Q: 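I am attaching a structure below and will ask some questions about it afterwards.
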Amino acid sequence: MAATPLMNEFPELAYLTREDFEDILNDPAYFQSIFHSLRQVKELYQAQTELGMANEAIAQTNLSLQDRLYELRTETKEAFDNAKSMESRWKDLEREQREVYQRLDPQFLLLRLRHATTAQDDASEALASSFVQSSPSPSLVNDASDVDEFIREFRELRKIYHKRLMWGDRWASGQVSWEDG
């Protein structure tokens, strides 16, 4: 038989006659036996078998790692949830820290001192008004012990007021230094 592209591609078929080829086309069992005896088909089936075995080995490996993967996934989720919880707690702590530091801020402390000074002034003025109003008439003189008690309380309230006023004035003029740490 002459060299044809079929014979070049499949030299195993070179011994077959034209009648053999016609029988191959007409008999599916004969076709299958010839087809499966070809080197390229055998190599293809061998490669397919090897790939199937490799896939099976990979699948077995994956199955053997499955439990550990689920454990790692659970651990990762727990760690992530814990990190989120800590992040939330961190924000709360930062807010609390800002609030604490705000109370220690020099400007805030000066403001508190000024409010306390005003409150002290109001307290001493209220004491004086109360004392003056407790006397029913200017002609009646209060008991000497009441006057002494009023003077002692009033002096103490005014002393505290003037100290706070002086500290506030010094602070506002920069004579009081606020040093960190």
Side-chain angles (χ1 to χ4, degrees), residues 40 43-181:
Q40 292 90 334
E43 289 172 359
L44 180 66
Y45 279 135
Q46 180 62 32
Q48 184 180 16
T49 302
E50 289 172 5
L51 285 174
M53 289 176 11
N55 276 347
E56 183 69 27
I58 291 171
Q60 289 299 325
T61 302
N62 287 345
L63 285 174
S64 70
L65 297 174
Q66 183 177 16
D67 290 339
R68 181 64 184 136
L69 177 63
Y70 286 143
E71 288 173 16
L72 287 173
R73 183 180 293 163
T74 301
E75 290 172 13
T76 302
K77 184 182 181 320
E78 289 171 359
F80 180 78
D81 292 345
N82 189 29
K84 282 296 193 184
S85 173
M86 287 179 163
E87 181 181 36
S88 175
R89 178 70 180 132
W90 178 268
K91 289 177 183 177
D92 291 342
L93 289 174
E94 280 184 326
R95 182 183 36 72
E96 289 175 22
Q97 182 182 27
R98 278 192 305 274
E99 291 171 3
V100 168
Y101 283 163
Q102 178 188 6
R103 288 190 301 243
L104 300 176
D105 180 68
Q107 292 303 317
F108 181 74
L109 292 174
L110 179 58
L111 180 68
R112 285 186 58 202
L113 177 61
R114 287 187 174 157
H115 284 291
T117 303
T118 302
Q120 191 68 27
D121 186 42
D122 293 344
S124 66
E125 290 302 318
L127 179 67
S129 292
S130 171
F131 179 75
V132 169
Q133 290 175 2
S134 69
S135 300
S137 70
S139 64
L140 292 174
V141 177
N142 287 333
D143 188 348
S145 66
D146 288 345
V147 172
D148 289 343
E149 180 64 22
F150 163 74
I151 290 173
R152 188 186 60 71
E153 287 180 33
F154 187 76
R155 280 179 121 179
E156 186 61 30
L157 289 174
R158 293 311 286 178
K159 181 174 86 173
I160 293 171
Y161 165 76
H162 284 289
K163 281 184 178 180
R164 288 179 180 172
L165 186 63
M166 185 176 60
W167 291 335
D169 290 345
R170 284 184 182 170
W171 197 335
S173 68
Q175 294 176 354
V176 175
S177 68
W178 181 267
E179 295 182 23
D180 292 326

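As the structure is a prediction and not an experimental result, all values here were calculated from the model.
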Q: Any side-chain to backbone donor/acceptor pair from S130 onto A126? Under 3.5 Å, distance only.
A: no

Q: Hey, could you give me the CZ/NE2 distance between R155 and H162, rounded to the nearest 0.5 Å?
A: 11.5 Å

Q: Please determine whether side-chain hydrogen bond (donor to acceptor under 3.5 Å, both in side chains) holds for the pair W90 and E94, giving the CA-CA distance in whole Å, both sets of side-chain angles, and the decisive distance to 0.1 Å.
A: CA-CA 6 Å; W90 178 268; E94 280 184 326; 2.9 Å; yes

Q: Working to the nearest 0.5 angstrom, can you tell me the gap between E87 CD and F80 CZ?
A: 8.5 Å

Q: Where the side chain of S64 meets the backbone of T61, is there a donor-acceptor pair that is under 3.5 Å apart?
A: yes

Q: Please report the C-alpha distance between T117 and W167 in whole Å, then the side-chain angles of each, then the deciding distance to 0.1 Å, and finally whether the side-chain contact (heavy atoms from CB on, under 4.5 Å) criterion is met.
A: CA-CA 10 Å; T117 303; W167 291 335; over 6 Å; no

Q: Flag the pair R95 / K91 as yes when at least one side-chain heavy-atom distance between them is below 4.5 Å, and no otherwise.
A: no

Q: Between the side chain of T74 and the main-chain N/O of Y70, is any donor-acceptor distance below 3.5 Å?
A: yes

Q: Of the non-hydrogen atoms in D121 and Y161, which two are nearest, and what is the gap between them?
A: CB-CE1, 3.4 Å

Q: Tell me whether K77 is salt-bridged to D81, with the criterion being a basic N under 4.0 Å from an acidic carboxylate O.
A: yes

Q: What's the separation between atom OG1 in T76 and atom CG in L69, rounded to the nearest 0.5 Å?
A: 9.0 Å

Q: If every non-hydrogen atom of A172 is compared with every non-hydrogen atom of R114, which pair is closest and at what distance?
A: CB-NH2, 3.2 Å

Q: In Å, rounded to the nearest 0.5 Å, how long is the span from CZ of F154 to CZ of R158?
A: 5.0 Å

Q: Counting N and O atoms only, with roles assigned by atom type, does the side chain of R164 sit under 3.5 Å from a partner on the main chain of A116, one being a donor and the other an acceptor?
A: yes

Q: Apply ring pair (Phe, Tyr, Trp, His ring centres under 6.0 Å) to F108 and list each qualifying residue two or more places apart in sequence or on a separate chain.
A: none

Q: For the pair E56 and Q60, evaluate side-chain contact (heavy atoms from CB on, under 4.5 Å) and give the outcome as yes or no after the intermediate values.
A: CA-CA 6 Å; E56 183 69 27; Q60 289 299 325; 3.2 Å; yes

Q: Under 6.0 Å from the CE atom of M86, do we count more than 12 heavy atoms belonging to anything else shown?
A: no

Q: Please determine whether side-chain contact (heavy atoms from CB on, under 4.5 Å) holds for the pair D105 and Y101, giving the CA-CA distance in whole Å, both sets of side-chain angles, and the decisive distance to 0.1 Å.
A: CA-CA 6 Å; D105 180 68; Y101 283 163; over 6 Å; no

Q: Is there a side-chain contact (heavy atoms from CB on, under 4.5 Å) between L72 and R68? Walk through the geometry before answering.
A: CA-CA 6 Å; L72 287 173; R68 181 64 184 136; 3.2 Å; yes

Q: CD/Q97 to CG/L93 distance, rounded to the nearest 0.5 angstrom?
A: 8.5 Å

Q: Give the minimum heavy-atom separation between F131 and V147, together with the two atoms involved.
A: CZ-CG2, 3.9 Å

Q: Taking side-chain hydrogen bond (donor to acceptor under 3.5 Å, both in side chains) as the criterion, tell me which of Q48, E50, E43 meets it with Q46.
A: E50

Q: How long is the gap from CG on L113 to CG on D169, to the nearest 0.5 Å?
A: 9.5 Å

